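Chain naming here is simple, since letters A, B, ... match the order of the sequence lines and numbering starts at 1 in each. Remember, it's a predicted structure, so these values are computed and weren't measured experimentally.
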Amino acid sequence: MDLTETAETAAFRAEARAWLADHVPSSPLPSLETREGFAAHRAWEARLHADRWSVVSWPEEYGGRGVDLVHWLVFEEEYWAAGAPGRVSQNGISLLAPTLLDHATAEQRARVLPPMASGEVIWAQAWSEPEAGSDLASLTSRAVRTEGGWLLSGQKTWSSRAAFADRAFGIFRTGPDTPKPHQGLTYLMFDLRAPGVTVRPIGRLDGKPAFAEIFLDEVFVPDQDVIGEPGQGWRIAMSTTGNERGLTLRSPGRFLAAAGRLTALWHAQGEPADTALRDRVADAVVGARAYELFTWAAAARFAAGGAAGAESSLNKVFWSEYDIALHETALDLLGADAERADGEWAEPWIFSLAGPVYAGTNEIQRDIIAERLLGLPKGRR
Amino acid sequence: MDLTETAETAAFRAEARAWLADHVPSSPLPSLETREGFAAHRAWEARLHADRWSVVSWPEEYGGRGVDLVHWLVFEEEYWAAGAPGRVSQNGISLLAPTLLDHATAEQRARVLPPMASGEVIWAQAWSEPEAGSDLASLTSRAVRTEGGWLLSGQKTWSSRAAFADRAFGIFRTGPDTPKPHQGLTYLMFDLRAPGVTVRPIGRLDGKPAFAEIFLDEVFVPDQDVIGEPGQGWRIAMSTTGNERGLTLRSPGRFLAAAGRLTALWHAQGEPADTALRDRVADAVVGARAYELFTWAAAARFAAGGAAGAESSLNKVFWSEYDIALHETALDLLGADAERADGEWAEPWIFSLAGPVYAGTNEIQRDIIAERLLGLPKGRR
Amino acid sequence: MRFLPTDEQSDFARTLRSLLGSAQVPAVVRAWSDGEHGPGHELRSRLAATGLFALAAPEAYEGAGLLAPELSLGFVELGRAGMPGPVVESAAVSVLLSELGDEALAKRFLPGLVAGEAWATLTLPGGSGGGPYALDADAAAHCFAVSDAGELRLAAPGEVLRSTDPARRLSRPAAAGGELLAAGPAVTRAAAVTGRWARLLTAAQCLGVGEALLARTVGYVKQRTQFGAPIGSFQAVKHRLADTLLALEFARPLLWAAALSTAPGDVAAAKLRCGEAAYRAAMTALRLHGAVGYTEELDLSLWLRKARPLRDAWGTPSACRAEVLRPVTPG
Amino acid sequence: MRFLPTDEQSDFARTLRSLLGSAQVPAVVRAWSDGEHGPGHELRSRLAATGLFALAAPEAYEGAGLLAPELSLGFVELGRAGMPGPVVESAAVSVLLSELGDEALAKRFLPGLVAGEAWATLTLPGGSGGGPYALDADAAAHCFAVSDAGELRLAAPGEVLRSTDPARRLSRPAAAGGELLAAGPAVTRAAAVTGRWARLLTAAQCLGVGEALLARTVGYVKQRTQFGAPIGSFQAVKHRLADTLLALEFARPLLWAAALSTAPGDVAAAKLRCGEAAYRAAMTALRLHGAVGYTEELDLSLWLRKARPLRDAWGTPSACRAEVLRPVTPG
């Protein structure tokens, strides 16, 4: 049991810190959920990529540094501590890339990953459908075989980033008459500007088009954009949800930085005698630390060959509820200024509110924790 | 909409207050969950009865004053504010008596109610069985027809007061082969000292025998101790759970008095600058007031002829969770003294912990609220 | 003693509810958010016709007397409908001018407020429960400001800022300048009463907002199907909604009692519980609607975005808790 | 950097777990609660044989060095088993005498503590995280007391009081009198370190208590049937237990990190989360067991009754939260 950093890791940390100190924009970029901000964030991805900081954990051939999870965690700590911009490429990097690395052909990896790393191609996810949210397996959008590829038809929704992104990935029904809903699904990538695609941006609570509906009308997808075997889409999609993704979806560094900002706000605005707020600030500090340490332990388990499983559900419930509590504390510290739309906590608060629903609702995650980690009998679902 | 007390009610309040000031024991009685305390509390019931304060809402012929719910609430406020003892007759008065008043014969009422009012006969409830807790309808203890009455066999459990009480009431299966579990049940009263009855006291978390198991082996119950029609026990038992019982099980006066004691403790021990504790004391004060006002409104609805229904579930969840929060706040105010078994908050804290389970678990109550008050579809239960 | 609304009170609330129910308030809110105040002004006139604004002014000035219970029941309906605008603030200005007892001032402003001719807004000193911002000053004919020193002025509203609720605009009235209307301890006293009324009416509005959020969410979970069943049949969903109902049901009688007494502790208790219940209802609504609840295009958002600012307006939970214990604090 | 117990650390914990698993600890607890300390003393000797107590003393005095990680893992097992007695306090005395560096005192007491020959107990000044009561002084060979003035004495334990956990006895050592063992700033410094260790080991004990409560409750809800199904299949039950697991899983790494650093903020964070997680586990266990969970005869009660006193011992949640923010408080 050990938390000391090796000299090599410390050197990596120092290198990241120095680079970030030199390059992080001195004033925040516009929100990445706006056209202008999206472009600025894309440029920032290119800047990161130029010095190989955009995807440190990827193999070098695709633009990474081939470092392990520990280094990735260190990089993330430094990244968020430096106040660096949000990652507009996050969907591609944390959802699609692990799938490509596990299941794609060498040709696909070589073709898709480098432009993802550079921000040249930005990816949207296209999982949910209007009638398939928590019950994802019930999706009905289909891909029909055609010469040299597939024709996609149907509707996807809640596609984050889709308003401004270039391409999207998701699973589609290719064998409609299977006995179980998880069968006959195929994992595909498609162009958001292809003929037959209509993207309708959807305004978030603050009006920003943080997600979109995607209408698909016989959209052609060449065979080269099918990942893995047709019909194996569910298995492929699920195989990467249980792995390190649980750890890399929201890095501890983000919350350590947020807890640091909250503590600074408390020092600036808080009444030291107000223990009710003090306790909530302390809880945020301790929670960020707990999340960090939980992640270090999970990284050590992976390094020792342990498999990840339903722990990612623990992780998901923890960070999403933590994030809301942290932002509510900030708003309570701000008092009358809490509702100012131009306040620096307003957009992060709105963003935090999506956490319990996003990436598998916390209700479903708690069912998973109870059934898979505690072995409770499966109920009706 | 009006909260002003009539002159008549104010006079009643003054009379109660004066009597209590003269008669409430100057030092607390021993715990009513001990033999010695049980006897002391029985004597207190007799004292109350002598001046017709034990059952103010009952008809005069049975020892009451025939006053309405408003007067009962006023009496309870004065009673608990005066620091008067817990009511050892509570099970009989709040659970059995309403059933008798609604469903029993005149002979039964005349025979059973006066000694209940005087504390001469103290009643235990005998509802639960080892395999029938939340799922009360699944009970299996049976009553078999015999000449002039019934023979009870089986096992009841969690019978509060049964360790020292005189008689008990409950429902028993008299028609074992009915298609639905709620059918073929009969409401009976029986003597805890009758041949064939074995009472095994069960120690509560603090070791006091607050409840007991009752083993029944062909215990004879004469026909005169059957309430209502044989086979109608479920309907009879349920018909009084939805009425005023929801209001009279735990009177607002109890919580107003407890919130007052908590506020006094806070003034005595609390750091005024400790807003974390201040907020919880304020919540206790506001919660007691909310419970009081909710009850006044319900009393007004009854007076206007409104029917009570699932509101008693709202009531139950509210007071039981309120009660725990209040006592936890007191313990936190006490600091290192919180764990002293001789502290005045220790036994009430232990008592509060049973609330969410007692009288229908809060999980079941929330199901009822959702299904009956909000109209949500019945799930599997 | 009959702690229930009278038939007349219930009828009045029903009238408002019916008027607002057919007034397409969501469209009014969306216009208001875009800075188009016309439909909101028009709805104000129709509300005035029910006598709502008369409930915050004495009979001498076209009012019906200061009738907090009736006014509170009315404001529950405004919250339920999601009515935009400085509704609390206009009523509070009416209370302020009524309490001040300056006949010239009362004559100048009260009949117009009662008749619903214009909105008014105001700020009060911190000690009276107010914050630094005036609500919707850009839509109000008058912006009143009471200073810590007890000066009542018609103030220039200053720069307009956006709120996380797009139907709210904030501005910080100029500290000095503007017509001086009154000054002295009477102003400070009237401001204290006014702060309580503003808090009470905000509590009422919160209760209505919470009830609307609950009703919409209950409706949604009955029809939304996942895993082959309405999501409202899942126990986790049921229990969240049961808790939401519980919080609202135990907040309502506190509101009524506060309206009867307008005592500081009672008003603070009502605001605390109504505000928290509405905000919790919003969080539950958001959770149970899933992603669609997070969109601005669903009308649910109109109430969702109100819940948190109203929870804090005219008395944060912390300020209300302090007030609840204040009367019994020794010394 | 490998933030997991080493194989040796895991083996040590497993050894203790196995020893305690076959030691019929519930019977030992019940005897202890009745004032019969014999079985508890005997179990202490067997624990000493594993080397547990050596982990809180330097090698010079038969110890293994002060090894907080190993000791913490051991105390998780004591908590899991429900071990009674002044286990934390005896280890804390060992730390105090080790830190003090007074050779005569160390020689006099440490070898006996390491060998598990007797229990010891202690009180520390409030500033070191202690309360006024010494635990189980009636079962301890020695009761140490450090005063605010920095005097270390062997104190007369004073009247013995009962706790809501019958396996705990409290007494307030006499303020004066008793053999003076040491005095001065070195005592105060050593007391501060000792307080942190006591807090750390209590956190470890809490984690074990919480895990035992969760495991027993999970076992119960799988077999208890109502409405024709195991109650563990109901979503409300599942979610409560999922939350219990979540709290424990995120408390454990805080405990490990605190054991590695023994820094005040880390130790406070660990105690806060382990203590709260255990108490919440107790409340959940009580809720889900129904009435049977409320009985003293079910062994569950042995852990239920520990959870709250341990949550507060050697640092209440409030004290721990203050400590977490202390290092960064300006001034």
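- Both the backbone and the side chain of S134(B) come within contact range of chain D, with heavy atoms under 4.5 Å apart.
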Test side chain to side chain contact (heavy atoms under 4.5 Å, CB included) applied to V357(B) and Y294(D), step by step: CA-CA 9 Å; V357(B) 167; Y294(D) 195 60; over 6 Å; no

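- Although no hydrogens or angles enter the test, the distance criterion places no donor-acceptor pair under 3.5 Å between the side chain of D135(B) and the main chain of Q226(D).
- Ion pairing between R308(D) and E339(B) fails under the 4.0 Å rule for side-chain N and carboxylate O.
- Looking at I364(B) and F227(D), their side chains come closer than 4.5 Å, going by heavy atoms from C-beta outward.
- Applying the side-chain hydrogen bond (donor to acceptor under 3.5 Å, both in side chains) criterion to D165(D), with sequence neighbours excluded, gives no partner residue.
- If you measure heavy-atom distances from R162(D) to chain B, the contacts under 4.5 Å come from both the backbone and the side chain.
- Between chain D and the residues G343(B), A338(B), G133(B), A346(B), the largest count of heavy-atom pairs under 4.5 Å involves G133(B).
- Proximity to chain D is absent for every atom of E347(B), based on heavy atoms less than 4.5 angstrom apart.
- When the candidates L277(B), I202(B), D337(B) are compared by the number of heavy-atom contacts under 4.5 Å with chain D, D337(B) comes out ahead.
- Within the 4.5 angstrom heavy-atom criterion, no atom of R321(D) approaches chain B.
- Contacts of L331(B) with chain D are made by both backbone and side-chain atoms, with heavy-atom separations under 4.5 Å.
- T316(D) has its side chain out of reach of D332(B): every pair of non-hydrogen atoms, C-beta onward, lies at least 4.5 Å apart.
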L161(D) vs R340(B), test: side chain to side chain contact (heavy atoms under 4.5 Å, CB included). Steps then yes/no. CA-CA 7 Å; L161(D) 302 164; R340(B) 283 182 60 168; 3.6 Å; yes

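- With a 4.5 Å cut-off on non-hydrogen atoms, T295(D) touches chain B through its backbone and its side chain both.
- Interface residue F211(B): only side-chain heavy atoms are found under 4.5 Å from chain D.
- At a threshold of 4.5 Å between non-hydrogen side-chain atoms, the residues E363(B) and V237(D) do not count as touching.
- By the neighbour-count criterion of 12 heavy atoms within 6.0 Å, atom CD of E36(B) is sparsely surrounded, having that number or fewer from other residues, nucleotides or ligands.
- Annotation: the span from S318(D) atom OG to E271(B) atom CD amounts to 10.5 Å, rounded to 0.5 Å.
- Between chain B and the options A291(D), P309(D), P166(D), the largest number of non-hydrogen pairs under 4.5 Å is found for A291(D).
- Using a 4.5 Å cut-off between heavy atoms, A276(B) does not touch chain D at all.
- For residues 129-140 of chain D, the interface with chain B (any heavy-atom pair closer than 4.5 Å) comprises P132(D), Y133(D), sorted by residue number.
- Looking at A132(B), only its backbone comes within 4.5 Å of chain D, counting heavy atoms on both sides.
- Here the OG1 atom belonging to T164(D) is positioned 6.0 Å from the CD1 atom belonging to I350(B), to the nearest 0.5 angstrom.
- Both the backbone and the side chain of V292(D) come within less than 4.5 Å of a heavy atom of chain B.
- E131(B) has its side chain within reach of R224(D): a pair of non-hydrogen atoms, C-beta onward, lies under 4.5 Å apart.
- Heavy-atom proximity under 4.5 angstrom to chain B picks out Y279(D), R280(D), M283(D), L286(D), R287(D), G290(D) from residues 278-290 of chain D.
- No other option in G335(B), P130(B), A354(B), A336(B) has as many heavy-atom pairs under 4.5 Å with chain D as A354(B).
- Heavy-atom distances place no part of I324(B) under 4.5 Å from chain D, backbone and side chain included.
- In summary, E297(D) and R200(B) engage in a salt bridge, as defined by a charged side-chain N under 4.0 Å from a carboxylate O.
- Under the side-chain hydrogen bond (donor to acceptor under 3.5 Å, both in side chains) criterion, E276(D) pairs with R311(D), sequence neighbours left out.
- To the nearest 0.5 Å, the span separating CG on D206(B) from OG on S301(D) amounts to 11.0 Å.
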